[in-house]
Every structure is written in structure tokens, then in C-alpha cells.
Amino acid sequence: MNSKLDEAKRRDPSQIDFETPEQFAAHASQLHTCPHGRLLLASCRSGSALASKVAEVYQSQLNQAGSQEELAFLDQIDYQFSDGETCVRLEQDVSGQDAYLFQALQDPSAGRSVDQNIMALLTGLRALREWGANRVTAVLPYLAYARQDKPTQFKREPTSAKLLADLLISAGIDRLITFEPHIAAIHGIFGQIPVNSIRSLQIFEERFARYQADSQVIAVAPDAGASKMIIYFSRALELNSAIASKFRPEPEKAAIAEVIGDFKGKQTALLLDDMIGTGGTIYSLAQKLRADHGIEDLQVAVAHNLCLDEAHQRMNELYQEGLLRRLIVTNSIPQTQAFRTLPCLEIIDLAPIFSRIINRIHYNRPLADLLQTGAA
Ligand code: R5P
């Protein structure tokens, strides 16, 4: 065989139209760098910002470790027909690959709805599945619909969190990686599909490490749901803790009845929650802490900021009043320009942790040290 052609085929196996054992042996390392196939990162449009950062981090870790491997990255695989339907096209062969598809289900920065982003994700997953990816993992830094995991006291609501899980399974996922999902029983609703949840606790502990054993500081849980996390957090930082008794007089409205805890000598309150929606929870709690407990310095850390206008107004008001000193969020959801310009906002980049998790999963390595389970 022509040696130039032979060399080209060795470098690009997709050029081969009839495989021989010798050729296969020559390019096998390109096709099977691990038991699940070659690593492929992919993203839908709304997942692109974080996925691009993860690809960058992963590639630089490869380079630093002396690897020649060029990471395959299929960016922004979805688009919309003029009638509004979603379409996905894969610009390269995915057969036999270990694919990780990123999507930001909530993307206020792009003006696409949660439901549009879900359809793009499902279509992307199905494309990877139908075109022969060996393993398909959905990477969803923010799991939308997770709050709808049971009917509330309001009217005949379905468990939409389970419906979304069923849709993802039906689209063809083999695995899910997510970050601080609201729903504690997440593994239950995904059945036999492995779910890896990255927790925010350790990330927040690092951000607040300067307050270790500071007797003027108290950690506050905004509701019963956040109380377990606050217990672990306050024990790690040797702080006193308190818990708010929150109720919702109607959907999307939050009211704080009381805050249970010893505030004697406390000036600063550290508030941890999984998300900011309308901002009502943090706003009501901030007012209560100042009025009833003399707190003048509030520092908040949340895993997901949905960037709703109402929340921006409330956080801005607390900042202008001098009460909200720090608002720590992550890039699980692309943050809007309005939030980015809030002077007290700090955005934690999740790319390094996602890069490490994907690397461990790809090579079947243990995850226990990266995924805490204590505060679940
Ligand atoms: C509730 O269970 C969650 O942990 C958050 O506290 C809640 O979703 C925040 O919503 P909002 O900002 O609308 O009060």
C-alpha cells in the first residue's frame, strides 16, 4: 500500500473503508484509549460556556502531564428551525466514543427557556445514542425541575422531577453527572442509571475558611432543607449555627416565622442555600436577622443562582443597604450581565471539578474523595 496514504489512515481512522487487523492494531489506541471508548466532550448551546472551560482545563491537564492527546470537543450541537423545532447535527463521527454532553438547563443569559434547553438536551443525547456513541453521560450542572419532586399542599401537581428523569433515560443516558441537585432522593428517581452529584459544601468551606472558629460569626440555614448542610459546615469551621423556620404562604413567596439559635455576640451571618430563585428566602431572612438579631453583615453562598429579575432587585437592595456584603454563586447557570455587575457577586468556576470527575469516570477511577456524601 502507498505509504503516504497508509500514514494518513493511521492518523485518521475514519478514512479507512475496509479494516484489516494490521490497520486496526495501528490505530487502536485512537479508538480505545479506555474501556469505554475515546473521550468526547460535547455541548448544547446553553451548556457551551462551562463545557468550553472544562475542555480547556482538561486539555491543559493533559498537556501538563506530557500527553500528546488532543481532546475531542463537539461544541454547540443544537440549533432551531424557523418553525421553532430543535435540530441537532453531529459534525464528526461519534461511534464507539465515551461521550459527555453538557447542557445548562437554565440559561437566563441567552433567553432560551428551560423547556427549550431540555428539548435540545434530549435531542443531543438521542443523536449521540443513535450514531453509535459507546457510552452517553449527561452533564447537567443545574438539574431543573428537581424542586417538583413531590406534590405540595397546593393543587394536584405531578412529580415532574421524575418525568424529566424518565425522559433522560428514554433519550438514552447511561449516566448523569450533576451539581448540588435540590432533590435528596435523586438516585431513586434515576433507578439503575448511576448519578454522580458534586456537592457545594467543600467549595463553600474553602471560601469561608477565614472565619474558622470566629466567635462573632454564625452559620444560618434558611430552612429545614438546608439544615443538614449547615450542621456539617458549622462543625467544619467550628462556628455556632442557627436555623430559620420558613414557610410559603403561596407558591414562590417566602416568609420567615423565626430563627432558632443563639445570636449573642454575633455580628456576621453566613447563609448557605442550594439556590436563589425569586430571592424571597434570602431577602426575608436578611430582614429578620437584622431586625430580631442585630446582624449587620450578611454573606451568602448558593450553588445555583437562577438570575431572575426579582432576585436581582432584592439582592441589589440588600447590597445598597450595606447588609449583603458577599454573594457567592457558581457558574452552574450562566450568570446575567445584571448579576455580574453586582459588586458583591463572586462566581466560583466549576470547570476544574467537572474536569477531574470526568477524567476519573472515563478511566474507571474511584470518585469518593471528590464527591462528599455527608451533607446530602
Ligand atoms: C427551597 O427549598 C430552596 O432550598 C431555596 O431556599 C429556594 O428555592 C429559594 O427560592 P427563592 O429564592 O424563590 O425564595
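Counting begins at 1 with the first residue of the sequence. Indexing begins at 1, ligand by ligand and atom by atom, following the structure's order.
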Under the criterion salt bridge (charged side-chain N to carboxylate O under 4.0 Å, His left out), I'd like the reasoning laid out for Arg147 against Asp274: C-alpha separation, chi angles, the key distance, then a yes or no.
CA-CA 11 Å; Arg147 285 181 291 179; Asp274 66 334; over 6 Å; no

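With respect to the salt-bridge test (charged N to carboxylate O, under 4.0 angstrom), the residues Asp174 and Arg135 do not qualify.
Against a heavy-atom cut-off of under 4.0 Å, Arg147 is close to the following atoms of ligand 1: 8 (O). For ligand 1, the atoms closer than 4.0 angstrom to any heavy atom of Met275 are 5 (C), 8 (O), 9 (C). Residue Gly279 approaches ligand 1 through these ligand atoms, each under 4.0 Å from one of its heavy atoms: 11 (P), 12 (O), 13 (O).
The proximity of Asp273 to ligand 1, defined as any non-hydrogen pair under 4.0 Å, is limited to the side chain. By the criterion of a heavy-atom distance under 4.0 Å, the side chain of Asp223, and not its backbone, is placed next to ligand 1.
Here the side chain of Glu180 pairs a donor or acceptor atom with the backbone of Ser200 at under 3.5 angstrom. With hydrogens and angles disregarded, a donor-acceptor distance shorter than 3.5 Å links the side chain of Asp223 to the backbone of Ala226. Between the side chain of Asp107 and the main chain of Pro334, no donor-acceptor pair closer than 3.5 Å is present.
Compare Arg248, Lys253, His182 by their heavy atoms: the one nearest to atom 7 (C) of ligand 1 is in Arg248. Between Thr278, Ile276, Leu308, Thr281, it is Thr281 that holds the heavy atom closest to atom 14 (O) of ligand 1.
Atom 4 (O) of ligand 1 has its closest protein heavy atom at Asp274 OD1, 2.6 Å.
Exactly one of Arg314, His312, Gln320, Gln313 qualifies for a side-chain hydrogen bond (donor to acceptor under 3.5 Å, both in side chains) with Asn316. That residue is Gln320.
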